[in-house]
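Working notes, beginning with the structure itself.
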Amino acid sequence: MPTLLITGASRGLGLEFVRQYTADGWNVIAACRQPAQADKLQALIAKYKTIRAETLDVARPNSINALAERLKDAAVDVLINNAGVFSGGSFSGSATKVDHGQKFGTINPEEWDKVLRINTIAPILMIQAFVPHLLKGQERKAVNITSRMGSIEEMGADYIAYRTSKAALNAAMRTIAHDLKEQKITVINLHPGWVKTDMGGPEAPLDAENSITGMRKVIAGLTPKDSSRFLGYDGKTIPW
Ligand SMILES: NC(=O)c1ccc[n+]([C@@H]2O[C@H](COP(=O)([O-])OP(=O)(O)OC[C@H]3O[C@@H](n4cnc5c(N)ncnc54)[C@H](OP(=O)(O)O)[C@@H]3O)[C@@H](O)[C@H]2O)c1
């Protein structure tokens, strides 16, 4: 069976990706900061032998490189860069309550640095480190969980750190898609919808199960021709 490597597997969308791919028979390498403390992930591991938990803090390049080294003999069919931060609270809280230094007039550069490191730079370093593993796999797909909030065409007010981190992620992946074309690695930016998780908050209209079911369908249907696209969980193209 194919192998998935996913970041941010402890909760939210990452955990649901693990659940669905595992139930479908895939081998899943579930990477997160503190696997032993991730109770819901541990409950899945107790049920399925096909999940391998790995420690990974995507904010630390050494942690990414150490994981690539530990997995050096493994083939990865699909890499999902899912780990992400919003910078304080959930989206459905009011902007002034949760917008930690992200609102024009109150910009906090340290907070912005942190968001960029996790949401933008880490996925690039992950792909860079895992090209050899993807080349050993059959599917050769690198999927980046981005956000419609990073669409420049649709850009609204507030959440500057989060919005720019995802816009930059989208731009970087469009570039990397060119670098990886010859190796036939398909790179895409995928928006999950607004989903009920710790980040999405309770007011979100979608639940994780439906979002992940949609995204898995999109991922399964990807071909090299799709590389560098910005797609929603429903498969529709999102404007840059
Ligand atoms: N929910 C939505 O409505 C929505 C909409 C658009 C895009 N997204 C994107 O979807 C992805 C998943 O979001 P979610 O809703 O599932 O959020 P979530 O419930 O807040 O989960 C975030 C995940 O990222 C992990 N993470 C954060 N910093 C990390 C780091 N330095 N190293 C490793 N893992 C780290 C967390 O791990 P810990 O448990 O260790 O903190 C957790 O597993 C994110 O990229 C987010 O931007 C979500």
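Note that ligands are numbered from 1 as they come in the structure, with each ligand's atoms numbered from 1 the same way.
Residue-to-ligand polar distances place L13 within reach of ligand 1: an N/O pair is separated by less than 3.5 Å. The distance criterion of under 3.5 Å between nitrogen or oxygen atoms is met by T197 with respect to ligand 1. Residue-to-ligand polar distances place D57 within reach of ligand 1: an N/O pair is separated by less than 3.5 Å. For ligand 1, the polar-atom distance check against G12 finds no nitrogen or oxygen pair separated by under 3.5 Å. Among the atoms of H191, none of the N or O lies under 3.5 angstrom from an N or O of ligand 1. Between K166 and ligand 1, an N or O atom pair is found at a separation short of 3.5 Å. Residue I118 has no nitrogen or oxygen atom sitting less than 3.5 Å from a nitrogen or oxygen atom of ligand 1, judged on distance alone. Geometrically, ligand 1 and V195 share a nitrogen or oxygen pair separated by less than 3.5 Å.
With ligand atoms numbered from 1 in the order given, ligand 1 contributes 3 (O) to contacts under 4.0 Å with heavy atoms of W194. Here is the list of ligand 1 atoms found below 4.0 Å of a heavy atom in S147: 6 (C), 7 (C). In summary, the atoms of ligand 1 found under 4.0 Å from a heavy atom of G8, numbered by their order in the structure, are 25 (C), 43 (O). Heavy-atom proximity to A59, at under 4.0 Å, picks out these atoms of ligand 1: 31 (N). Close approach to N82 involves these atoms of ligand 1, each under 4.0 Å from a residue heavy atom: 11 (C), 12 (C), 44 (C), 45 (O). Close contacts of ligand 1 with V85, meaning ligand atoms under 4.0 Å from a residue heavy atom, involve 27 (C), 28 (N). Close contacts of ligand 1 with Y162, meaning ligand atoms under 4.0 Å from a residue heavy atom, involve 6 (C), 7 (C), 8 (N), 9 (C), 46 (C), 47 (O).
Proximity of a side-chain donor or acceptor of R174 to a complementary backbone N or O of S228 within less than 3.5 Å is detected. In this structure, the side chain of D77 engages the main chain of E139 through a donor-acceptor pair within 3.5 Å. Under a 3.5 Å cut-off, the side chain of T186 and the backbone N or O of K141 do not form any donor-acceptor pair. For the pair T120 (side chain) and S165 (backbone), a donor-acceptor distance under 3.5 Å is present. Side chain of T7 to backbone of N81: no donor-acceptor contact under 3.5 angstrom is found. A distance-only check finds a donor-acceptor pair linking the side chain of K196 to the backbone of A204 [under 3.5 Å]. Listed for the R163 side chain is no donor-acceptor partner under 3.5 Å among the backbone atoms of G150. R11 places no side-chain N or O within donor-acceptor distance of the main-chain N or O of A38, the cut-off being under 3.5 Å.
Within the 4.0 Å heavy-atom criterion, neither part of M149 lies near ligand 1. Neither the backbone nor the side chain of F86 has any atom closer than 4.0 Å to an atom of ligand 1 (non-hydrogen atoms only). Neither the backbone nor the side chain of A122 has a heavy atom within less than 4.0 Å of ligand 1. At a 4.0 Å heavy-atom cut-off, ligand 1 does not touch L15 at all. Only backbone heavy atoms of L56 (N, CA, C or O) come within less than 4.0 Å of ligand 1; its side chain stays farther off.
In summary, E182 and K184 do not engage in a salt bridge, as defined by a charged side-chain N under 4.0 Å from a carboxylate O.
Taking R148 as the reference, E154, H191, I238, P239 meet the side-chain contact (heavy atoms from CB on, under 4.5 Å) condition, with sequence neighbours excluded.
In the model, N210 has a side-chain atom that pairs as donor or acceptor with a side-chain atom of D207 under 3.5 Å. No hydrogens or angles considered: nothing links the side chains of R33 and S10 as a donor-acceptor pair under 3.5 Å.
Residue contacts with ligand 1 do not include A38, since none of its heavy atoms lies under 4.0 Å from the ligand. For the ligand labelled ligand 1, residue Q34 lies outside the 4.0 Å heavy-atom shell. Residue P192 places a heavy atom under 4.0 Å from ligand 1.
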For this session: Tell me, with the steps shown, if N189 and T146 meet side-chain hydrogen bond (donor to acceptor under 3.5 Å, both in side chains).
Result: CA-CA 6 Å; N189 304 296; T146 184; 5.3 Å; no
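Between atom 7 (C) of ligand 1 and the options T146, I80, I145, the minimum heavy-atom separation is to T146. For atom 17 (O) of ligand 1, the candidate residues are E16, R33, M199; the nearest heavy-atom contact is made by M199.
Relative to the six-membered ring of Y21, R216 meets both conditions, a distance below 6.0 Å and an angle of at most 45° to the axis.
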Got a list of side-chain donor-acceptor pairs under 3.5 Å for residues 218-225, not counting sequence neighbours?
unit_1 : atom_1 : unit_2 : atom_2 : d
T223   : OG1    : K225   : N      : 3.3

